[in-house]
Undergrad: 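Let me give you the structure first, and then I'll get to my questions.
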Amino acid sequence: MTMRTAVPLRVQGERVRAWFATNSLVLPRYRGKGVIGKLYNNAAETGDLQLSKGTAPVMYRLLLKMGYREIVPNTYLTCVVAPLSWALWRLTGNVPFQNRKHRMDGRYGDFTEVTGIDREAFDGFDDSYYATLSQDSNYFSWRYVEAPSRNYRIYIRKQEDRTVSRCVLRLEGRTATLVDLRWNAEAGDEPRRTIRFIKDEARSQGAVKVVAWANLAPLRRILNREGFRTRRETPHFSFFSRDPRWISFPWEQAHFVHGDGDAEYL
């Protein structure tokens with residue numbers, strides 16, 4: 001069996017249908033007989049764009065043999081937000097938790113943590129990007145608010161009652177993972193301001209580092225300038241299509257985040 005999740009994309013204002021490979025299983029006695037290749041070919045018969053992320057190295061090599069193509073940039077980025085605590089954590093494996101007072105009412109007074117979303121006022125900021133997964137209120141709620149397997153912290157930034165950025169964090173132990181980040185391109189200080197908030201918020205919650213993944217090249221450059229260092233690890237982002245438009249597509253201008261695909265929630 002192989003499973004797909006339908007993910008509508010917004011490409012320069014056009015709605016495009018695509019599918020994320022979610023999971024695949026073959027019984028041990030049938031492996032090595034081309035079964036998975038036939039399943040993937042059947043899935044691609046729709047003619048729509050097929051995407052894959054979070055693929056194990058062995059499976060990724062098989063995908064490349066099937067005709068999948070690598071999407072770059074595709075590596076993780078990490079920022080150490082508490083250097084001394086990080087060093088102690090690496091040396092001893094333990095750091096005393098210190099819940100530092102956060103500056104919500106001061107430097108970051110325009111940010112609010114929410115437990116739900118205002119569906120009527122929801123803006124997925126789709127038009128702020130050359131291409132992105134089209135994110136409406138139903139999708140966002142399903143993915144981050146109602147998710148049964150993960151607990152997320154959701155933050156929004158407002159200016160004059162208008163949401164200009166939205167981010168999602170997952171905190172586990174001493175690591176904070178930036179799962180989702182979207183912003184209004186008309187806000188001149190974004191996404192840098194939200195990235196700085198994320199670092200401060202993660203540190204205030206006891207995290208010593210923040211891990212991020214993003215495909216959009218300009219966002220990665222901003223993350224680098226904000227102290228994020230590019231790692232070698234990758235979730236192996238790739239695509240398959242017989243449509244020539246995707247072969248020459250400028251993937252470095254497309255905005256995909258860690259929460260897209262199944263790498264985060266499986």
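Computation of the quantities below employed the complete heavy-atom set of this structure, encompassing side-chain atoms and omitting hydrogens, waters and symmetry-equivalent molecules.
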Undergrad: Do Leu169 and Glu201 make a side-chain contact, defined as non-hydrogen atoms from C-beta onward lying under 4.5 Å apart?
TA: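 Contact flag for Leu169/Glu201 side chains = yes.
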Undergrad: Using 30° and 60° as the class limits, which term best fits the ring planes of Phe197 and Phe111: parallel, tilted or perpendicular?
TA: parallel
Undergrad: Under 3.5 Å, is there a donor on one side chain and an acceptor on the other for Ser134 and Asp126?
TA: yes
Undergrad: Between Leu219 and Trp183, is any pair of side-chain heavy atoms under 4.5 Å apart?
TA: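 When only atoms from C-beta onward are counted, Trp183 and Leu219 do touch, with a gap below 4.5 Å.
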Undergrad: For the rings on Phe249 and Tyr130, is their centre-to-centre separation under 6.0 Å?
TA: yes
Undergrad: Going by atom types only, do Arg157 and Tyr155 share a side-chain donor-acceptor pair under 3.5 Å?
TA: no
Undergrad: Can you confirm whether more than 12 heavy atoms, excluding those of Glu146, are under 6.0 Å from its CD atom?
TA: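 Count over threshold, so yes.
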Undergrad: Can you give me the closest heavy-atom contact between Thr175 and Ala207, atom names plus distance?
TA: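 Heavy-atom minimum between the residues: C-CB, 4.4 Å.
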Undergrad: Under a 3.5 Å threshold, yes or no: a donor from one side chain and an acceptor from the other, between Thr75 and Arg220?
TA: yes
Undergrad: Would you mind reporting whether Met59 and His236 have side-chain heavy atoms less than 4.5 Å apart?
TA: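 No - every pair of side-chain heavy atoms lies 4.5 Å or more apart.
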Undergrad: For Arg245, is there an ion pair with Glu14 - N to carboxylate O distance below 4.0 angstrom?
TA: yes
Undergrad: Would Glu264 and Tyr152 count as having a side-chain donor-acceptor pair, cut-off 3.5 Å?
TA: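 Side-chain D/A pair, Glu264 to Tyr152: present.
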Undergrad: With distance as the sole criterion, is a donor-acceptor pair present between the side chains of Thr78 and Arg231 under 3.5 Å?
TA: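 Yes - a donor-acceptor pair under 3.5 Å links their side chains.
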Undergrad: Arg17 and side chain to side chain contact (heavy atoms under 4.5 Å, CB included): which single residue from Leu49, Asp48, Leu9 fits?
TA: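 Exactly one candidate clears the test, Asp48.
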Undergrad: Verify whether one side chain among Asp180 and Tyr144 offers a donor that lies under 3.5 Å from an acceptor in the other.
TA: yes
Undergrad: Determine the interplanar angle of the Trp251 and Phe256 rings, folded into 0 to 90°, and report it as parallel if under 30°, tilted if 30 to 60°, perpendicular if over 60°.
TA: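 Plane angle between 30° and 60°, so tilted.
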Undergrad: If you measure from CD on Gln253 to CD on Gln12, what distance do you get to the nearest 0.5 Å?
TA: 8.5 Å
Undergrad: List the steps and the verdict of salt bridge (charged side-chain N to carboxylate O under 4.0 Å, His left out) for Glu172 and Arg150.
TA: CA-CA 10 Å; Glu172 287 186 342; Arg150 299 282 193 185; 3.0 Å; yes
Undergrad: State whether a side-chain donor-acceptor pair under 3.5 Å links Glu70 with Asn74.
TA: yes
Undergrad: Supply the atom-to-atom distance Arg153 CZ to Ile198 CD1, rounded to the nearest 0.5 angstrom.
TA: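 With rounding to 0.5 Å, CZ (Arg153) is 13.0 Å from CD1 (Ile198).
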Undergrad: Going by atom types only, do Arg182 and Thr132 share a side-chain donor-acceptor pair under 3.5 Å?
TA: yes
Undergrad: Any side-chain donor-acceptor pair under 3.5 Å between Ser141 and Arg119?
TA: yes
Undergrad: Considering only heavy atoms from C-beta outward, does the side chain of Ile222 approach that of Phe228 to under 4.5 Å?
TA: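 No, their side chains stay 4.5 Å or more apart.
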Undergrad: Establish, from distance only, whether the side-chain atoms of Gln135 and Arg10 form a donor-acceptor pair under 3.5 Å.
TA: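 Gln135 vs Arg10: no donor-acceptor pair found between side chains.
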Undergrad: Does the side chain of Asn215 come within less than 4.5 Å of Ile71's, by heavy atoms?
TA: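 They are in contact (side-chain heavy atoms under 4.5 Å apart), so the answer is yes.
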Undergrad: Determine whether more than 12 heavy atoms belonging to other residues, nucleotides or ligands lie under 6.0 Å from atom CG of Asn151.
TA: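 No, CG of Asn151 has 12 or fewer neighbouring heavy atoms, counting only those of other groups under 6.0 Å.
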Undergrad: Is there side-chain contact between Ser238 and Tyr60, with at least one heavy-atom pair below 4.5 Å?
TA: yes
Undergrad: Please determine if Glu190 and Arg192 form a salt bridge, counting it only when a charged side-chain N lies under 4.0 Å from a carboxylate O.
TA: no
Undergrad: Does a donor on one side chain sit under 3.5 Å from an acceptor on the other, for Thr2 and Arg4?
TA: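 Present: a donor and an acceptor within the cut-off.
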Undergrad: Indicate yes or no: at least one non-hydrogen side-chain atom of Phe20 is less than 4.5 angstrom from one of Gln50.
TA: no
Undergrad: Is the side chain of Arg143 donor-acceptor paired with the backbone N or O of Gly259 at a distance under 3.5 Å, no angle test?
TA: yes
